[in-house]
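Here the structure is a predicted model, which is why all the values come from computation and not from measurement.
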Amino acid sequence: LLRGSCARAAVAAASFSQSLDSDFTFTLPAGRKECFYQTMRKDASLEIEYQVLDGAGLDVDFSLYSPSGNMLIADYRKSDGVHTVETEDGDYMFCFDNTFSAVSEKIIFFELILDNMEDLEGGDPDWKEYVHGTDMLDMKLEDIMDTINSVKARLGKSLQIQTVLRAFEARDRNLQESNYERVNLWSCTNLIVMVVVSGVQVYLLRSLFDDKRKSRT
């Protein structure tokens with residue numbers, strides 16, 4: 001993780017591998033801005049989903065920039081978002097900005113889904129080129145490959161959904177714990193106030209009777 005300075009905020013930069021699915025959770029301090037870089041190819045697709053898991057207000061500013069520096073997407077004070085863009089060759093930058101908050105840090109989860117990035121992988125040559133005639137006993141290689149790719153895509157989608165559900169669960173748990181602490185705090189405060197008021201009332205009543213006894217004597 002590389003860090004630099006940016007006006008009022010510190011900026012962090014990171015380059016992800018060319019995997020089709022990457023997710024990351026990090027803490028964004030108050031008054032700070034964090035940026036990440038992802039290398040993309042032309043005619044590919046970049047999908048970014050983010051959520052604020054914890055922190056006052058559960059909100060953050062989000063922005064996405066093209067390799068030429070043009071702002072493509074801007075979200076202000078949002079708790080979550082999903083964005084998909086068609087890409088060109090170069091490094092895309094996306095930033096999470098918490099400079100509007102002076103005291104509250106935020107815990108942020110985001111996930112990247114990259115499509116049509118196979119050319120950057122430099123994978124092995126197509127093994128079907130080495131199969132001739134009846135070598136596969138009349139099996140339909142195209143059908144096999146289509147089935148494998150379909151299963152792979154569905155497994156990837158299932159993993160993505162599970163990751164997002166875990167992020168929602170973490171955010172809901174943090175929110176419930178925060179509400180639980182607030183309820184306990186105000187309950188204790190009300191109890192103390194009631195005890196103090198009861199004590200004052202008892203003292204005032206006793207003082208009234210004591211004054212009447214002294215006046216009679």
| query | Between the side chains of Asp59 and Tyr76, does any donor sit under 3.5 Å from an acceptor? | reply |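 Checked: Asp59/Tyr76 side chains show no N/O donor-acceptor pair below 3.5 Å.
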| Do Thr39 and Asp91 have side-chain N/O donor and acceptor atoms under 3.5 Å apart? |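 Checked: Thr39/Asp91 side chains pair up, N/O donor to acceptor below 3.5 Å.
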| task | Any chance you could measure Leu72, atom CG, to Met93, atom CE, to the nearest 0.5 Å? | result |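 Nearest 0.5 Å value for the CG-CE distance: 10.5 Å.
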| said: So, taking the atom named CG in Leu64 and the one named CG in Asn70, what distance separates them when rounded to the nearest 0.5 Å? | reply: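 Leu64 CG to Asn70 CG: 11.0 Å, rounded to 0.5 Å.
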Is there side-chain contact between [X] and [Y], with at least one heavy-atom pair below 4.5 Å?
| X | Y | value |
| --- | --- | --- |
| Thr84 | Ser45 | yes |
| Ile73 | Tyr65 | no |
| Val52 | Phe109 | no |
| Leu46 | Leu114 | yes |
| Phe110 | Asp23 | no |
| Asp75 | Asp61 | no |
| Pro67 | Tyr92 | yes |
| Leu28 | Glu105 | no |

Test your reading of the model: is there a side-chain donor-acceptor pair from [X] to the backbone of [Y], 3.5 Å cut-off?
| X | Y | answer |
| --- | --- | --- |
| Thr87 | Arg41 | yes |
| Asp89 | Lys42 | yes |
| Asn98 | Ser104 | yes |
| Arg77 | Leu58 | no |

| Is there a side chain to side chain contact (heavy atoms under 4.5 Å, CB included) between Thr25 and Leu53 once you walk through the steps? | CA-CA 9 Å; Thr25 303; Leu53 302 182; 4.2 Å; yes
| query | Should Ile48 and Phe94 be marked as a side chain to side chain contact (heavy atoms under 4.5 Å, CB included) after you check the CA-CA gap, both sets of side-chain angles, and the distance that decides it? | reply | CA-CA 9 Å; Ile48 301 177; Phe94 54 98; 3.9 Å; yes
| message | Tell me whether the rings of Phe26 and Phe24 are parallel (<30°), tilted (30 to 60°) or perpendicular (>60°). | response |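 The arrangement is parallel - the two ring planes meet at less than 30°.
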| query | With under 30° as parallel and over 60° as perpendicular, where do the rings of Tyr50 and His83 fit, or are they tilted in between? | reply |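 Aromatic pair Tyr50/His83 classed parallel.
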Connected via hydrophobic side-chain network under 4.5 Å: [X] and [Y]:
| X | Y | result |
| --- | --- | --- |
| Phe96 | Ile107 | no |
| Tyr203 | Val195 | no |
| Met71 | Tyr37 | yes |

